[in-house]
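Comments concern the structure below.
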Amino acid sequence: MDVTEEHDDSFGIEVVLPDGGKPAPCCPHGPTLLFEKVAKGSKEGRRFYACSACRDRKDCSFFQWEDDKVSEARLLAREADNKSKQPPFTQQEYCNRFRKFASLPLDEKKFCQDCQVLLLPAELSAHSAHRSTAVSAAQLRRPSVLLRPLDNKKSNAQYLFTDRSAHFLLDTLAALGYRKVLCVGTPRLQELIKLRNLEQKHEPMKSLLLDIDFRYAQFYSQDEFCHYNMFNNHFFGGEASSAVLKAFLRESDGEKVVMVADPPFGGLVKPLAHSFSLIAQTWKTSDVELPVMWIFPYFFEPRIQEGLPSLTMLDYQVDYDNHALYKHGKTGRKQSPVRLFTNISPRDVVLPKEEGYRFCSVCDRYVWSLNKHCAKCNLCPSKDGREWKHCSTCGKCVKPSWKHCQSCGRCALPDHPCGEGKEGCFNCGSLKHKQKPRESGAARRGKKSTLCGPKQRVIL
Ligand code: SAH
Ligand code: ZN
Ligand code: ZN
Ligand code: ZN
Ligand code: ZN
């Protein structure tokens with residue numbers, strides 16, 4: 001998903017988080033979310049249920065007004081449809097298949113690329129017209145390389161960590177003493193943890209992958225994978241599956257747990273934050289919070305802090321193998337906008353010097369080389385990796401491309417719609433006369449702003 005920083009204040013669909021009252025109806029992706037259209041000026045909009053996981057109705061067409069009366073027949077049909085869209089095997093069955101597969105001689109190990117499944121000998125004939133490849137022992141340990149990344153632009157594009165980012169995460173967590181990593185939407189991290197354990201050079205780490213992509217179920221045992229939806233905290237395997245998470249979160253023998261989540265960037269922050277706090281509550285033993293790393297673009301910082309106030313954003317740029325734009329910032333290449341949001345103390349997360357990070361002793365955290373400390377603001381102000389500059393009129397540091405605008409009374413892009421947001425004239429900002437904006441609403445909506453946190457657009 002290509003998400004850009006966008007400021008949108010006229011389009012209002014908000015998620016209403018479940019309050020334990022009436023249960024939401026289910027789509028194939030578990031309980032739906034309740035949305036409310038909030039039109040400007042009117043008090044309450046009509047509410048409706050829609051899929052939590054798919055932002056495109058082409059992927060999941062579920063729609064129901066909150067006050068709709070649904071017939072018994074309709075409910076039964078819906079239930080049958082939901083069932084028909086579940087994985088063909090249970091996690092137990094996937095496990096047994098994997099064991100069988102692993103014991104096959106090398107020349108019988110085949111993977112069907114069209115169906116994205118490991119094939120057992122009895123199934124070969126049914127896939128004979130499909131493209132299949134041989135699977136080496138090494139490939140079997142790297143499902144994120146074997147499986148084709150999902151590229152559904154709107155709901156579920158999979159962006160896999162580069163070795164640089166994956167190893168940075170893993171080394172950091174290991175150095176901080178974590179021995180159990182809850183991988184939420186981070187299949188490549190889970191894979192790396194298991195590979196590292198095989199080296200037998202380090203203290204072993206345990207990991208549990210929670211992901212909606214059940215193709216990964218083929219490669220892991222029941223206590224290593226749960227088919228899970230992070231937008232509604234739904235375990236497709238029911239009680240037995242959520243019990244796996246509960247057991248994993250129990251810290252026996254002093255094994256410290258950390259959660260690392262890398263949700264799809266188009267995902268709505270509010271339900272994600274809600275799910276992550278539910279996971280944290282499951283873990284909670286005292287006043288201490290579950291250590292969390294949430295990987296997400298920097299421009300969602302206000303939204304994330306609204307949902308989970310204890311998280312702070314680090315300067316580390318996370319980059320991805322299969323995303324040309326989200327690359328690490330070295331001269332000439334575009335910098336990745338993706339960052340780590342964490343409740344781990346920022347000074348403890350050592351960012352690599354050789355990649356251009358340094359320690360700021362005033363801020364007590366590692367920052368990107370171009371993020372220069374501003375003595376007036378008393379912080380390292382840059383969010384986007386560029387060097388920001390101080391505006392003495394605004395009394396704060398702003399993006400390098402911004403100029404102070406007298407009529408708006410703040411810094412903005414030189415071509416900003418001047419005067420917007422004030423009562424007065426749209427063109428000159430004068431409060432004595434008024435002129436309606438000539439620019440269309442849609443055009444204005446695409447404009448960038450960091451004064452407000454970006455609103456997230458819900459496409460239905
Ligand atoms: N960088 C990660 C992959 C992130 S891509 C890595 O290299 O391991 C986003 C991940 O979230 C994918 O694995 C995708 O399958 C998963 N995902 C997408 N929607 C989800 C949902 N609703 N619930 C749980 N996982 C989801
Ligand atoms: Zn759905
Ligand atoms: Zn600083
Ligand atoms: Zn400043
Ligand atoms: Zn202006």
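Model, not experiment: these values are computed from the prediction. Read the numbers this way: they start at 1 and go in the same order the structure lists the ligands and their atoms.
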Inset, instruction - Give a yes or no on whether a salt bridge exists between D262 and R188, defined as a side-chain N under 4.0 angstrom from a carboxylate O. - result: no
Inset, instruction - Could you tell me whether some N/O pair between F161 and ligand 1 is separated by less than 3.5 angstrom? - result: yes
Inset, instruction - Could you please tell me which protein N, O or S atoms lie under 2.8 Å from the Zn ion (ligand 4)? - result: C374 SG, C377 SG, H390 ND1, C397 SG
Inset, instruction - Using distance alone, determine whether L160 and ligand 1 share an N or O pair under 3.5 Å. - result: no
Inset, instruction - Mind checking side-chain hydrogen bond (donor to acceptor under 3.5 Å, both in side chains) for K383 and listing every partner two or more places apart, or none if nothing turns up? - result: E301
Inset, instruction - Give yes or no for whether the N/O distance cutoff of 3.5 Å, strictly under, is met between I212 and ligand 1. - result: yes
Inset, instruction - Output yes when the distance from some N or O of ligand 1 to some N or O of M230 is under 3.5 Å, and no in every other case. - result: yes
Inset, instruction - Compute the shortest N/O to N/O distance between Y320 and ligand 1 and return yes if it is under 3.5 Å, no if not. - result: no
Inset, instruction - Identify, with sequence neighbours excluded, every residue that meets side-chain hydrogen bond (donor to acceptor under 3.5 Å, both in side chains) alongside R196. - result: H202
Inset, instruction - Please determine if R47 and E66 form a salt bridge, counting it only when a charged side-chain N lies under 4.0 Å from a carboxylate O. - result: yes
Legend entry - Salt-bridge contact K180-E224 (side-chain N to carboxylate O under 4.0 Å): no
Inset, instruction - Return the number of protein N, O or S atoms with a distance to the Zn ion (ligand 2) smaller than 2.8 Å. - result: 4
Inset, instruction - Before accepting this row, confirm whether a basic side-chain N of the pair R164/D319 lies closer than 4.0 Å to the acidic partner's carboxylate O. - result: yes
Inset, instruction - Return the option from P264, P263, S165, S275 holding the heavy atom at the smallest distance from atom 19 (N) of ligand 1. - result: P264
